[in-house]
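Read through the structure below, which is laid out as structure tokens, and then see the notes.
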Amino acid sequence: MMEFHDVSKSFGARTVLDDISFTAHDGCVTGFVGPNGAGKSTTMRILLGLVAPTSGTALVDGVPYAKHPAPMASVGAVLDARRAPRNRTAYTYLTTLAYTNNIPKRRVDEVLNLTGLASVRATKAGRFSLGMSQRLAIAAAMLGEPKNLVLDEPVNGLDAEGVKWVRDLCRNSAAQGRAVLLSSHLMNEVALTADALVIIGDGRILRQTTVADFVAEHSRPTISVVTPDATKLHAMFSHSPGVRVTETALADGYPDDARAFVVEGADLAAVARGCAANGIVMYRFARERVSLEQAYMELTHAHARYVSAPVGPPASGMQADMRQQAARMDGGAR
């Protein structure tokens, strides 16, 4: 179990963490998410004694991490995929860690097999891709068969198979009784992997809940409809003030007469029966639920430190400039 009690951290005049408290419980994957600069990495480094808090305490199984006699058996951590010395082979690096932490040598071979690195055991870490470096960092984290796992963006650089493998590793570790603290920007992976959810923004805890409850809280009863009978669809709800029908972008692959709509505030069965009774043809009819990513974006958008400009077609002013330039070139050619 990993606990944070009223932890604050300031660097000079800048407050990075503001009185945060939460617990990552045994047998549970806790998703720790938030925008860039929210304080996630600082929180994890405070837990591992790499950064001293300004106030508050961070405990691993009831005591500070630095006081554990066998630290690698207490916490396995991935904070930096490139932490292995570049001139050491994967085997030498892991063997050095094993020797200095009283870990049996056989465990090196076990984690190399676990992470799929057995075939490159003699390759120097400096020649590893980001994905392979990520696997090596996870191998080092698992070396001491730790009771707790701290994983900061563990799927960066991994292919689809590797992402699924990390997901399975987290779920299996929790099933074996470990506490897993997982930080990731991939909300779909968090949704598939985590049980509990801690959302941080501007150095403060915004929400503590479960993934299921958070998604349910932000979900609205919506139905996705693709139909050629738009007029009939609108008429069916003309006397239902609590129902909203909104046209949306139509995906490829539908007939030319198709239009797409989202129906909000209506019962699925009632809509299905109404469409049948009114002879409304449906190319698509499905209940929609908000994703974890959508719910997360709704909550954290106001706390994002770095907000990019929308990506879309060139601005109208730029288009006008391009047309004027083209006209000048055409006039000159004449």
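Side-chain atoms are counted along with the backbone in the values below, which use heavy atoms only and exclude waters and symmetry mates.
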For the pair [X] (side chain) and [Y] (backbone), establish whether a donor and an acceptor sit closer than 3.5 Å, ignoring hydrogens and angles.
{"X": "Asp229", "Y": "Val281", "answer": "yes"}
{"X": "Thr193", "Y": "Val190", "answer": "no"}
{"X": "Asp61", "Y": "Met1", "answer": "yes"}
{"X": "Asp6", "Y": "Gly56", "answer": "no"}
{"X": "Lys40", "Y": "Gly34", "answer": "yes"}
{"X": "Lys147", "Y": "Ala73", "answer": "no"}
{"X": "Arg244", "Y": "Glu264", "answer": "no"}
{"X": "Thr209", "Y": "Leu197", "answer": "no"}
{"X": "Arg107", "Y": "Gly144", "answer": "no"}
{"X": "Arg88", "Y": "Tyr93", "answer": "no"}

Between [X] and [Y], is any pair of side-chain heavy atoms under 4.5 Å apart?
{"X": "Lys105", "Y": "Tyr99", "result": "yes"}
{"X": "Met72", "Y": "Pro146", "result": "no"}
{"X": "His68", "Y": "Val63", "result": "yes"}
{"X": "Leu130", "Y": "Arg82", "result": "yes"}
{"X": "Trp165", "Y": "Thr115", "result": "yes"}
{"X": "Asn101", "Y": "Leu143", "result": "no"}
{"X": "Val7", "Y": "Phe22", "result": "no"}
{"X": "Ile205", "Y": "Val198", "result": "yes"}

What is the minimum heavy-atom distance between [X] and [Y], and which atoms define it?
{"X": "Gly62", "Y": "Leu59", "result": "O-CD1, 3.8 Å"}
{"X": "Ser183", "Y": "Met44", "result": "CB-CE, 3.3 Å"}
{"X": "Ala125", "Y": "Pro85", "result": "CB-O, 3.4 Å"}
{"X": "Val225", "Y": "Thr227", "result": "CG1-CG2, 3.9 Å"}
{"X": "Thr248", "Y": "Phe261", "result": "OG1-N, 4.0 Å"}
{"X": "Ala84", "Y": "Leu136", "result": "CB-CD2, 3.7 Å"}

Would you check, one step at a time, whether the test salt bridge (charged side-chain N to carboxylate O under 4.0 Å, His left out) holds for Arg287 with Asp267?
CA-CA 10 Å; Arg287 175 187 285 138; Asp267 177 72; over 6 Å; no
Kindly compute the distance separating [atom1] ([X]) from [atom2] ([Y]), expressed to the nearest 0.5 Å.
{"X": "Leu47", "Y": "Thr42", "atom1": "CG", "atom2": "OG1", "value": "12.5 Å"}
{"X": "Ile20", "Y": "Ile46", "atom1": "CD1", "atom2": "CD1", "value": "7.0 Å"}
{"X": "Leu17", "Y": "Lys9", "atom1": "CG", "atom2": "NZ", "value": "9.0 Å"}
{"X": "Glu153", "Y": "Leu182", "atom1": "CD", "atom2": "CG", "value": "8.0 Å"}

Check step by step if side chain to side chain donor-acceptor pair (under 3.5 Å) holds for Asp19 and Ser8.
CA-CA 5 Å; Asp19 197 30; Ser8 294; 4.8 Å; no
Side-chain ion pair, Lys164 and Glu161, N-O less than 4.0 Å:
no
If you draw a 6.0 Å radius around CZ in Arg83, do more than 12 non-hydrogen atoms from other residues or ligands fall strictly inside?
yes
Testing Thr89, Asn113, Asp109, Thr92 for side chain to side chain donor-acceptor pair (under 3.5 Å) with Arg121, which one passes?
Asp109
